[in-house]
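These numbers come from the heavy atoms of this one structure, side chains and all, not from hydrogens, waters or symmetry mates. Residue numbers start from 1 in every chain, and the chains themselves are labelled A, B, ... in the order their sequence lines are given, proteins ahead of strands. Nothing here was measured: the structure is a model prediction, and the numbers come from that model.
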Amino acid sequence: MFWSKIFLPTLKDIPQDAEVISHQLMLRSGMIRRVTSGIYTWLPIGLKVLRKVENIVREEMNASGAQEILMPMVQPKELWEETQRWDKMGPELLRIKDRHERDFCLGPTHEEVITDLIRNNIKSYKELPLNLYQIQTKFRDEVRPRYGVMRGREFLMKDSYSFNLNEESLNESYLLMKEAYKKILDRLGLKFKIVKADSGAIGGDASEEFHVLAENGEDTIAVSDSSDFAINTELLLEEGDAIESLQGKPSPDGKGIIQIKKGIEVGHIFQLGKVYTDAMKASVLNHEGKTKNLFMGCYGIGVSRLVAAAIEQNNDEKGIIWPEAMTPFEVNIVAIGFDKDEKIAKAATDLYNELSSMGYEVMLDDRKDGYGTKIKDAELIGIPVNIIIGKQYLQNNEVELKHRDGQSSIGKVEDITTIFEHYKIS
RNA sequence: CGGGGUAUAGCGCAGUCUGGUAGCGCACUCGCUUUGGGAGCGAGUGGUCGUAAGUUCGAAUCUUACUACCCCGACCA
């Protein structure tokens, strides 16, 4: 992509209505623009990042054996009345009417729709277990949307639902999802903790949250300093206790002491049991020919929130520092004097074509601006590698390879492709 | 919903106290000179000052109501 062609409105100043760093950087780097409170438009490079995350989630879900479907955003009231959630959900559920005055809602989650699908189409235990997922826009009319897409009202989410004959099978599906989530976050290059969460009436190890660690996280979690153990602080606190009082106490798993950390909840896996399948009578015949209500699990991962969380965890005073798997572009060619010097323009374009054909996602800064403007924008957007073609190229055929982390080296332009061959392998 | 704050050009701001018909920086357009850390000079474009009503000869400025947005809290697979 040529910089002069892409729709990428970057900002020098910090927009006054953005408080947290990820929100500021997403606005400044031209990833998103607000439409109204908690509702955003994704611009080209923002969408590019969002799609990368989405694709990694999809690949790992498929690898786990789950199958992708797409359910509607608009859902009829009748389904929600079956589980009594039409009344229980409160104002967070955005309700609308059609031209016949029938009630609908915009789906904040899809237990009702999918349970309806399953009860109408699955009749035998032989068809189980089944895990279906979708990646779809959700709407929740949050009491207080904030921090940009971190807590938006409209957001992109992967939600999946497993249907199992019994608890053992449910537990297997649950563990598969847990492994898939670990792989997703590892591939995204994020530091995270799996946190024991409040499992409500269901009990046991039936609910765990995946938190990306970040100083500005909305949630407070208790982490053992000498094991992987982590738990939601709500589960440890007695009425009236201060969160700080947990710091230094023995970890509940018996290993090490508690450290208090801030996290952003990006995923939640949950064993629902038979709550919805009982309410909606979703059953199959077991091998004895008896009717059995299904066991159900639900597993969510916030795709758009992951983007914000990644930035929250990876930034400096210059801008975003993208993990390899999420960066909108892998290489940026800074061509100083592209419009004036044919030799520079040719070298930059040739390199652009060559790296592109090698499979890299390349950006070429062909704008009229000087080095300062170009490198500032590249650093703001967080492109991992910059290749600078300027005076040194004209003088002795050398270009600079400058990494986002500050490292840099000088080399002949002919060697660049060799270096990148090496990168692609490693 | 309770508490706090903001609203003037695309972005960041001044002007409001003390009423006199809107300004600065950046961005944008044109020209020339520049080009290795957000360039210089010159000439331009762009705003019914969030909305409505009121006071006044006259309102960005004073009064009232409303709206939007942000922050704290409560809430939140």
Hey, is [atom1] on [X] packed in by over 12 heavy atoms from elsewhere, all under 6.0 Å?
X	atom1	result
A/Glu215	CD	no
A/Lys292	NZ	no
A/Asn396	CG	yes

How is [X] classified with respect to the nucleic acid when contacts are heavy atoms under 4.0 Å: base, sugar-phosphate, or nothing?
X	result
A/Arg34	sugar-phosphate
A/Phe338	nothing
A/Thr109	base
A/Gly370	base
A/Arg367	nothing

Just how far, in rounded Å, is [atom2] of [N] from [atom1] of [X]?
X	N	atom1	atom2	value
A/Glu218	B/C72	CD	C1'	12 Å
A/Asp341	B/U34	CG	C1'	14 Å
A/Trp3	B/G38	CH2	P	16 Å
A/Arg404	B/G37	CZ	C1'	14 Å
A/Asp365	B/G37	CG	C1'	13 Å
A/Glu19	B/C72	CD	P	7 Å
A/Tyr40	B/C69	OH	P	10 Å
A/Tyr371	B/U34	OH	C1'	18 Å

Which pairs pass salt bridge (charged side-chain N to carboxylate O under 4.0 Å, His left out) with one or both residues in residues 334-350 of chain A, sequence neighbours excluded?
->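 Counting only pairs at least two positions apart or across chains, the salt bridge (charged side-chain N to carboxylate O under 4.0 Å, His left out) contacts touching residues 334-350 of chain A are A/Lys346-A/Asp350.
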Quick one: salt bridge (charged side-chain N to carboxylate O under 4.0 Å, His left out) pairs with a partner in residues 16-26 of chain A, sequence neighbours left out?
->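 Applying salt bridge (charged side-chain N to carboxylate O under 4.0 Å, His left out) to every pair that reaches into residues 16-26 of chain A, excluding sequence neighbours, yields A/Asp17-A/Arg34.
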Which pairs, with at least one residue in residues 296-322 of chain A and sequence neighbours excluded, count as a ring pair (Phe, Tyr, Trp, His ring centres under 6.0 Å)?
->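 Sorted pair list comes back empty.
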Could you name each residue pair satisfying ring pair (Phe, Tyr, Trp, His ring centres under 6.0 Å) that touches residues 5-51 of chain A, not counting sequence neighbours?
->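 Only A/His23-A/Tyr40 qualify under ring pair (Phe, Tyr, Trp, His ring centres under 6.0 Å).
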[N] pairs with which nucleotide, Watson-Crick or G-U wobble, both distances below 3.5 Å?
N	answer
B/G44	B/C28
B/C75	none
B/U56	none
B/G38	none
B/A7	B/U67
B/U61	none
B/C49	none

Please state the [atom1] separation for the pair [N] and [M] - nearest whole angstrom.
N	M	atom1	result
B/G2	B/U8	P	25 Å
B/G20	B/A59	P	11 Å
B/G23	B/G44	P	14 Å
B/C62	B/U18	C1'	11 Å
B/C11	B/C32	C1'	28 Å
B/U6	B/G47	P	27 Å
B/U21	B/U29	P	33 Å
B/U16	B/U35	P	44 Å

Is it true that A/Asp316 and A/Arg404 have a side-chain N and a carboxylate O under 4.0 angstrom from each other?
->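 Looking at A/Asp316 and A/Arg404, the cut-off is met.
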Answer yes or no: is there an ion pair linking A/Glu379 with A/Lys402, defined by an N-O contact shorter than 4.0 Å?
->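 Salt bridge between A/Glu379 and A/Lys402, a charged N being under 4.0 Å from a carboxylate O: no.
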Holding to side-chain hydrogen bond (donor to acceptor under 3.5 Å, both in side chains), I want the full list of residues that pass it with [X], two or more places apart in sequence or in another chain.
X	result
A/Ser22	A/Glu312
A/Glu265	A/His268
A/Arg119	A/Glu82, A/Asp116
A/Lys281	none

Check the phosphate of [N] against [X], side-chain N and O only, distance under 4.0 Å to OP1 or OP2. Yes or no?
X	N	value
A/Arg146	B/C70	no
A/Thr36	B/C69	yes
A/Arg144	B/C71	yes
A/Tyr147	B/C76	no

With distance as the sole criterion, do the side chain of A/Lys340 and the base of B/U35 form a donor-acceptor contact below 3.5 Å?
->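 In this structure, the two groups form a donor-acceptor pair.
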Toward the 5' end of RNA chain B, which comes first, A/His23 or A/Phe155, by nearest nucleotide?
->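 On the 5' side of the pair lies A/His23.
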In terms of the nearest nucleotide of RNA chain B, which residue is placed more toward the 5' end: A/Ala18 or A/Lys158?
->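 Looking at the nearest nucleotide for each, A/Ala18 comes out on the 5' side.
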Does NZ or CZ of A/Lys158 come closer than 6.0 Å to the centre of the six-membered ring of A/Tyr181, within 45° of the ring's axis?
->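 Not flagged: A/Lys158 not positioned over aromatic ring of A/Tyr181.
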Heavy-atom contacts under 4.0 Å between residues 42-54 of chain A and RNA chain B, which residues?
->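 Residues of residues 42-54 of chain A that come under 4.0 Å of RNA chain B do not exist, since none gets that close.
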List in numerical order all residues of residues 373-388 of chain A for which some heavy atom is under 4.0 Å away from an atom belonging to RNA chain B.
->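 Contacting residues: A/Thr373, A/Ile375, A/Lys376, A/Asp377, A/Glu379, A/Ile388.
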Nucleotide of [options] approaching [X] most closely (side-chain heavy atoms):
X	options	result
A/Asp339	B/C70, B/U35, B/G38	B/U35
A/Glu92	B/G37, B/C76, B/C70	B/C76
A/Ile336	B/C70, B/U35, B/C1	B/U35

Below 3.5 Å between N/O atoms, which protein atoms pair up with nucleotides 9-11 of chain B? Just atom names and distances, please.
none

Can you sort out the partners of A/Glu179 under salt bridge (charged side-chain N to carboxylate O under 4.0 Å, His left out), two or more places apart, ordered by chain and number?
->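 A/Lys182.
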